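The structure appears below as structure tokens.
Everything numeric in this text was worked out from a predicted model, so none of it was measured. Within every chain, numbering begins at 1; the chains are lettered A, B, ... in the order of the sequence lines, protein sequences first and strands thereafter.
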There are 4 protein chains.
Amino acid sequence: MKTDLAGPAPRWARRKQARPAELLAAALDVFVERGFAATRLDDIALRAGVTKGTLYLYYDSKEDLLKAVVRAGMVPVVREAEAMVAHFTGSTAELMRNLAAVWWNAIGATRLSGIPKLVIAEAGNFPEVARLYHDEVIRPVSELIGRLLQRGMDSGEFRSVDADYMQRIAMAPLVMLNLWMHSFSRYDAYALDPPRYLAAYLDILLAGLAPRSETQGNRSCR
Amino acid sequence: MKTDLAGPAPRWARRKQARPAELLAAALDVFVERGFAATRLDDIALRAGVTKGTLYLYYDSKEDLLKAVVRAGMVPVVREAEAMVAHFTGSTAELMRNLAAVWWNAIGATRLSGIPKLVIAEAGNFPEVARLYHDEVIRPVSELIGRLLQRGMDSGEFRSVDADYMQRIAMAPLVMLNLWMHSFSRYDAYALDPPRYLAAYLDILLAGLAPRSETQGNRSCR
Amino acid sequence: MKTDLAGPAPRWARRKQARPAELLAAALDVFVERGFAATRLDDIALRAGVTKGTLYLYYDSKEDLLKAVVRAGMVPVVREAEAMVAHFTGSTAELMRNLAAVWWNAIGATRLSGIPKLVIAEAGNFPEVARLYHDEVIRPVSELIGRLLQRGMDSGEFRSVDADYMQRIAMAPLVMLNLWMHSFSRYDAYALDPPRYLAAYLDILLAGLAPRSETQGNRSCR
Amino acid sequence: MKTDLAGPAPRWARRKQARPAELLAAALDVFVERGFAATRLDDIALRAGVTKGTLYLYYDSKEDLLKAVVRAGMVPVVREAEAMVAHFTGSTAELMRNLAAVWWNAIGATRLSGIPKLVIAEAGNFPEVARLYHDEVIRPVSELIGRLLQRGMDSGEFRSVDADYMQRIAMAPLVMLNLWMHSFSRYDAYALDPPRYLAAYLDILLAGLAPRSETQGNRSCR
DNA sequence: TATGAATGAGCGTTCATTCAT
DNA sequence: CATGAATGAACGCTCATTCAT
């Protein structure tokens, strides 16, 4: 799965058209490494192989750059996820497993995984970033997951739950994995094992959604 | 349930002893509102009703203030949770429900709920803050929840799960609720309903931990 | 030879009367160690075993403290030198040797040796300090040395020189020794040997003052 | 004789290349006037016709600026003195008179004369400044004067003296003249006449170095 | 007399943003 | 398009001075 953010700027590809993507790639790197406030535009320019002034030819301000990074990085992945769901024909549980894998490959294992931390940290200071991220990323994904849960309930695969809120609960561990990787996991002692984390996640999520046997309550389903 | 952070500094209580707590309360407020980097020491001082220099009579630096805020805010709550678990005698599920309620009352519904966002945002820039929060908050809580899961499994109340990682999954939605409240929930349109969120959370968590019926697979627990 | 500046404050001597001298001793130490600007009143107070506020019971300001240190440290030594000269009966050359020794014992080898550097560095910023030091220290000493040179010329011991300016030249190496000890000599590699320095100084000074050729009359040395 | 430090920055010469020298000239002026600690970067910038931030485009810190001022100001003069000595063919006494004149024209009569006071005052607080000044200025000059004395002794022009220490004694009155000009001479009442001072200096220095007549030593005149 | 908490003005340094070239 | 020198507004931290106790 590809994103619009270029990889480490290849020197030979300095076409004018490629410039913005190169800048965004550099900006993403540094924003994720240092956080928004601690990032100097000089660092971004240095990593992109340009000078600070050049950034202003493409983006109006540091905040504008942040918004571009968020949008260019996340929206394509959202689109892709939506396309995947639209064409999937298997069981809902299978679909959720696939989605988790896609999410891991497209975001979790890439530099994009740093975006949620960035956005959460700055949402309070930059309403436009909050709105952008919510409307372009969170809302579509929420609706996607909400529809998925509904699909599972409709088919009898899942028991009846509060779909609107359950999708939030379902997303939380995935987001937290990203946050952890870009906060505590930076220190070796606090690192965790993502596959094992994801396995535990899918285990309890699907178990929790599975219909209870008719004759048994939750507590007594033993 | 109370915290160690005092309310808005009463003018008449300028006792030396009360000062540090007043400063921490003000610092917490502003840090949570603005984030660490965007917070000016002048703002904290203003809110505490003192001048900037006074802060340095009690704390060595802005980072030191952050560490004090985190420690003074969270450690007592952790202790309280540990005490509660140690004396509880009911079912593990009930204990988990109680813990969620305690957590909500002591943290979620107070200004302390802003600390996780602060720490996650700054953990990368301030290793000491990361270490402090992990060792004094995350680790004890993780172990607490891990023991809880083990207790449930031992008693047959819960099915067998990867306790170490499952506690991370179990904590994630609670942390995410805090993060949400201090990022997107600031904008009315994106607010959510905490009780409903917590209900959905406990619903799926306990359902997911409940033993499956012996004769039936996950899908077919009917 | 004693000064008015007390040694390391003896705890048992905390008579009110002794306080000002203790403060001055502490102030001299720290001023000499760090320079005027880099010295914090807190450091002086700490060394004197009092608190910062106490300093203001005895001295109006940091500059006032500096003036007191300079006056209390140097004036007694000047008086002593004047007394010594007044009672001396030997040759002028011998008197100058004695004066150099007295100067070394009373100033060069004590903490007072740091005062010239202090005064020279701050004279431009504090006219009162400049005036004080010049009128109470430099002028008396200049006149003393000038009279000495005149005495030597009158007696035929010295050749005829520009007494007024020669006393400045004569003082320069002694002052420079003090300055060196409190600047470069702080670094071992740049230290020098004071006795050897003083020997070379007296050697050339007295040789330079001695009457020239044999055929020229040397009234007192024939 | 010129120095590398430009005069009052001409507005029309805002070439990038000229900037550093303009900044150093301004810095030298203000450092000498106020001393290092009392100098505000704003003052230097104002005098150079730039803003404070501009200083940091060329120098890393206030201390770095001090080092640059010292190096750029003194090293060329040292080189010049060394070149002059290397090519001189007259008598050693004549050479010393010439050196004193060169020193006066290149340093004593220029703003550079303020540097020794600066360095002596700050050597204790800034080891790097001390080392720089000692290794790049004091040591070369000391060696130069030491060789000169040796040359005079070898040729029989001078009597035998402790060359290593005598060069220190010989330099002291010149340094002291600089210090005086930038401390007490600021106040008219305490000003002195440099030519007369230098005449007295050369008078006694050369007289003191001259060989004694065989029959009458200085020492035997008691 | 002595304390020490509090002040408030000040300074070195940083960095997003601008603009002449 | 691109540069990079310059700006100027901040902000963290310091410390001489004050004053209620």
Just jot down the ring pair (Phe, Tyr, Trp, His ring centres under 6.0 Å) partners of D:Y59, sequence neighbours excluded, or say none.
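With neighbours one apart ignored, the set is empty.
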
Looking at residues at least two apart in the chain, or sitting in another chain, which of them share a ring pair (Phe, Tyr, Trp, His ring centres under 6.0 Å) with A:F36?
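A:F31, A:F126.
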
Verdict with reasoning, A:L41 to A:L65, per side-chain contact (heavy atoms from CB on, under 4.5 Å)
CA-CA 10 Å; A:L41 258 10; A:L65 198 44; 4.2 Å; yes

Only counting residues at least two apart or in another chain, list the ones meeting side chain to side chain contact (heavy atoms under 4.5 Å, CB included) with D:A45.
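D:V50, D:L55.
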
Partner residues of C:A37 under the side chain to side chain contact (heavy atoms under 4.5 Å, CB included) criterion, sequence neighbours left out:
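Scan of C:A37 (side chain to side chain contact (heavy atoms under 4.5 Å, CB included), adjacent residues dropped) gives D:A37.
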
Expressed in angstrom and rounded to an integer, what is the separation of [X] atom [atom1] from [N] atom [atom2]?
X     : N      : atom1 : atom2 : result
D:L65 : E:dC11 : CG    : P     : 16 Å
B:D64 : F:dG12 : CG    : C1'   : 14 Å
B:Y59 : F:dT14 : OH    : P     : 17 Å
B:L23 : E:dT7  : CG    : P     : 10 Å
A:L55 : F:dG4  : CG    : P     : 13 Å
D:I44 : E:dC11 : CD1   : P     : 12 Å
C:L57 : F:dT21 : CG    : C1'   : 14 Å
C:E22 : E:dT1  : CD    : P     : 14 Å

For the backbone of B:A123 and the side chain of B:Y133, can you confirm whether one donor and one acceptor N or O come within less than 3.5 Å of each other?
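Side chain of B:Y133 to backbone of B:A123, a donor-acceptor pair under 3.5 Å: no, none is there.
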
Please list, chain by chain and in numerical order, all residues satisfying salt bridge (charged side-chain N to carboxylate O under 4.0 Å, His left out) with D:R40, sequence neighbours excluded.
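Listed in chain order: D:D43.
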
Could you work out, with salt bridge (charged side-chain N to carboxylate O under 4.0 Å, His left out) as the rule, every residue matching D:R186, not counting sequence neighbours?
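By the salt bridge (charged side-chain N to carboxylate O under 4.0 Å, His left out) rule, D:R186 matches no residue at all.
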
Show me the protein contacts with nucleotides 14-18 of chain E, counting only N or O atoms at under 3.5 Å.
{"unit_1": "E:dA16", "atom_1": "OP1", "unit_2": "A:T39", "atom_2": "O", "d": "3.0"}
{"unit_1": "E:dA16", "atom_1": "OP1", "unit_2": "A:K62", "atom_2": "NZ", "d": "3.2"}
{"unit_1": "E:dA16", "atom_1": "OP2", "unit_2": "A:L41", "atom_2": "N", "d": "2.8"}
{"unit_1": "E:dT17", "atom_1": "OP2", "unit_2": "A:Y56", "atom_2": "OH", "d": "2.6"}
{"unit_1": "E:dT17", "atom_1": "OP2", "unit_2": "A:K62", "atom_2": "N", "d": "2.9"}
{"unit_1": "E:dT17", "atom_1": "O5'", "unit_2": "A:Y56", "atom_2": "OH", "d": "3.1"}
{"unit_1": "E:dT17", "atom_1": "O4", "unit_2": "A:K52", "atom_2": "NZ", "d": "2.9"}

For residues 26-38 of chain C, which residue pairs pass the side chain to side chain donor-acceptor pair (under 3.5 Å) check, not counting sequence neighbours?
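Listed once each, the pairs are C:D29-C:R111, C:E33-C:R47.
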
Output every pair passing side chain to side chain donor-acceptor pair (under 3.5 Å) with a member in residues 121-130 of chain B, not counting sequence neighbours, ordered by first then second residue.
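Qualifying pairs: B:K67-B:E128.
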
DNA chain E in dot-bracket form (Watson-Crick or G-U pairs under 3.5 Å, [ ] crossing, | inter-strand) is .||||||||||||||||||||

Among residues 119-131 of chain C, which ones have heavy-atom contacts with DNA chain E below 4.0 Å?
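Here the set is empty: none.
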
How would you list all residue pairs meeting salt bridge (Lys or Arg N to Asp or Glu O under 4.0 Å) that involve residues 50-66 of chain D, not counting sequence neighbours?
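Of all non-adjacent pairs touching residues 50-66 of chain D, those that pass salt bridge (Lys or Arg N to Asp or Glu O under 4.0 Å) are D:D42-D:K52.
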
Phosphate contact (F:dA5 OP1 or OP2) by D:Y58 side-chain N/O below 4.0 Å
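No.
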
